[in-house]
Amino acid sequence: MADADPWLVVGLGNPGPEYARNRHNVGFMVADLLAERMGGRFKAHKSRAQVVEGRWGAPGPSSRRVVVAKPGTFMNLSGGPTTALRDFYKVPVANIVAIHDELDIDYGALRLKLGGGDNGHNGLKSITKSLGAEYHRVRFGIGRPPGRMQVADYVLKDFSAAERRELDYFVDRAADAVETLIVDGLERAQSTYNS
C-alpha cells in the first residue's frame with residue numbers, strides 16, 4: 001500500500017434528522033467532527049454519499065489524502081456507496097476505515113482492528129458483502145441494551161442523558177483514533193486507543 005494512495009473514512013449511520021442522535025449514528029457523529037477538523041463541509045457525491053476531502057499529517061511526503069464520507073442510504077445498504085467511493089477515488093480496501101457502533105463493548109470504549117466478522121452489524125455486513133472483510137474498523141462501544149429491550153430498539157434510541165454528558169469527549173477520542181490510524185498506523189492507534 002503506497003503512501004500516495006488515498007484513505008476513505010466511512011462513518012456509519014442512518015440519514016435523516018430523526019436518527020441524528022441515535023446510538024446507531026455514532027459513526028456519523030465522528031465523521032462530522034473529522035470534517036469539522038478538516039475545515040470542510042460535506043457535499044453531495046454521485047456515489048449516494050456526502051463527502052469531504054482533505055489531508056492529514058505533516059505537510060510533505062508523510063501527508064495523507066483523506067476522504068470522509070457519510071452514506072446517504074440506510075445503514076443496511078452502506079456497501080453500495082462505500083464501493084462507489086472506493087472505485088471513484090481508487091482507494092485500496094486496506095485504506096478504508098468504517099466507524100460504527102458496537103454493542104459488545106462498554107459505552108465509550110474503542111477497539112480498532114483490521115478485518116474480522118460483522119458481529120451482526122448490518123452496516124458492516126453490507127460493506128463486507130461488497131468489499132470483503134479486509135478493511136479497518138473503529139468500533140465505538142455503546143454497551144448492551146438494558147433488561148429485555150430489543151437490540152433494534154436500543155440502537156435506534158438517542159443516547160441517554162447520562163451518556164450525553166460524556167458523548168462529546170468519546171466522539172473526540174474516536175476522531176483522534178481515526179487520525180492516528182491513518183497517519184501513524186494501526187499498531188500505534190491500537191496501543192493508544194484500544195480500551
Side-chain angles (χ1 to χ4, degrees), residues 7-43 49-57 64 66-75 78 81-82 85 96-114 119 121-124 127 135-146 151 154-186 188-195:
W7 282 78
L8 172 60
V9 177
V10 182
L12 297 184
N14 286 310
E18 68 273 32
Y19 299 106
R21 304 306 292 168
N22 288 179
R23 290 182 178 94
H24 220 20
N25 271 43
V26 76
F28 275 14
M29 295 173 201
V30 177
D32 286 339
L33 179 57
L34 290 169
E36 194 181 300
R37 288 180 179 185
M38 291 166 105
R41 287 176 185 241
F42 282 102
K43 294 181 176 64
Q50 299 279 319
V51 301
V52 177
E53 298 179 51
R55 297 193 84 83
W56 289 344
R64 303 282 185 268
V66 180
V67 178
V68 177
K70 298 191 298 186
T73 58
F74 282 99
M75 178 76 82
S78 301
T82 303
L85 289 165
I96 296 175
V97 182
I99 310 165
H100 64 93
D101 58 304
E102 178 60 65
L103 288 160
D104 289 335
I105 301 174
D106 290 341
Y107 173 62
L110 294 174
R111 297 268 198 308
L112 287 82
K113 69 177 193 169
L114 174 62
N119 206 19
H121 192 288
N122 288 331
L124 295 181
I127 293 172
Y135 56 92
H136 289 87
R137 297 99 192 279
V138 175
R139 303 159 70 207
F140 186 111
I142 60 168
R144 302 291 309 176
V151 166
Y154 178 71
V155 299
L156 294 176
K157 278 202 180 334
D158 288 0
F159 285 99
S160 69
E163 288 169 334
R164 282 196 299 273
R165 284 197 284 275
E166 295 180 295
L167 183 59
D168 288 347
Y169 167 77
F170 289 138
V171 167
D172 193 65
R173 193 165 178 273
D176 290 346
V178 174
E179 289 189 39
T180 302
L181 164 64
I182 290 173
V183 175
D184 299 321
L186 179 61
R188 174 80 182 273
Q190 285 175 325
S191 66
T192 307
Y193 295 100
N194 275 13
S195 48

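Residue numbers start at 1 and run along the sequence shown.
- Considering only heavy atoms from C-beta on, Leu103 comes within 4.5 Å of Ile142 through its side chain.
- Annotation: salt bridge (charged side-chain N to carboxylate O under 4.0 Å, His left out) contacts of Glu166 (sequence neighbours excluded): none.
- Closest non-hydrogen pair, Leu8 versus Ala69, comes out as CD1-CB, 4.1 Å.
- The side chain to side chain donor-acceptor pair (under 3.5 Å) analysis of residues 24-33, with sequence neighbours excluded, yields the pairs His24-Asp101, Asp32-Lys70.
- Looking at Ser78 and Asn122, their side chains never come closer than 4.5 Å, going by heavy atoms from C-beta outward.
- With sequence neighbours left out, the salt bridge (charged side-chain N to carboxylate O under 4.0 Å, His left out) criterion links Arg139 to Glu102.
- You'll find the side chain of His136 stays beyond 4.5 Å of the side chain of Leu112, heavy atoms only.
- Residues meeting the side-chain hydrogen bond (donor to acceptor under 3.5 Å, both in side chains) test with Thr192, sequence neighbours left out: none.
- Contacts of Phe28 classified as ring-ring contact (aromatic ring centres under 6.0 Å, His included), with partners at least two apart in sequence or in another chain: none.
- Side-chain contact between Val66 and Leu34: absent, with no pair of heavy atoms (C-beta onward) separated by less than 4.5 Å.
- Under the ring-ring contact (aromatic ring centres under 6.0 Å, His included) criterion, Tyr19 pairs with Phe74, not counting sequence neighbours.
- For Arg55, the salt bridge (charged side-chain N to carboxylate O under 4.0 Å, His left out) test picks out no residue, with sequence neighbours left out.
- For Lys157, the NZ atom counts as loosely surrounded, since its 6.0 Å shell holds 12 or fewer non-hydrogen atoms of other residues, nucleotides or ligands.
- Closest heavy-atom contact between Leu33 and Ala175: CD2-CB, 3.8 Å.
- Under the side-chain hydrogen bond (donor to acceptor under 3.5 Å, both in side chains) criterion, Asn14 pairs with no residue at all, not counting sequence neighbours.
- Judged as a side-chain hydrogen bond (donor to acceptor under 3.5 Å, both in side chains), and not counting sequence neighbours, the contacts of Glu179 are Arg37.
- Using a 4.5 Å cut-off on side-chain heavy atoms (C-beta onward), Met38 and Glu53 make no contact.
- Counting heavy atoms from C-beta on, the side chains of Asn119 and Leu124 never come closer than 4.5 Å.
- Residues passing the ring-ring contact (aromatic ring centres under 6.0 Å, His included) test with Phe170, sequence neighbours excluded: Tyr107.
- The shortest heavy-atom contact between Phe42 and Ala35 is CE1-CB, 3.5 Å.
- With sequence neighbours excluded, no residue forms a side-chain hydrogen bond (donor to acceptor under 3.5 Å, both in side chains) with Arg164.
- Contact check for Val26 versus Phe159: side-chain heavy atoms found under the 4.5 Å cut-off.
- The side chain to side chain contact (heavy atoms under 4.5 Å, CB included) with Arg144 is formed by just one residue from the set Ile105, Asp106, Val151; it is Val151.
- Partners of Arg111 by salt bridge (charged side-chain N to carboxylate O under 4.0 Å, His left out), not counting sequence neighbours: none found.
- Looking at heavy atoms from C-beta onward, Tyr193 lies out of side-chain contact with Val178 at the 4.5 angstrom threshold.
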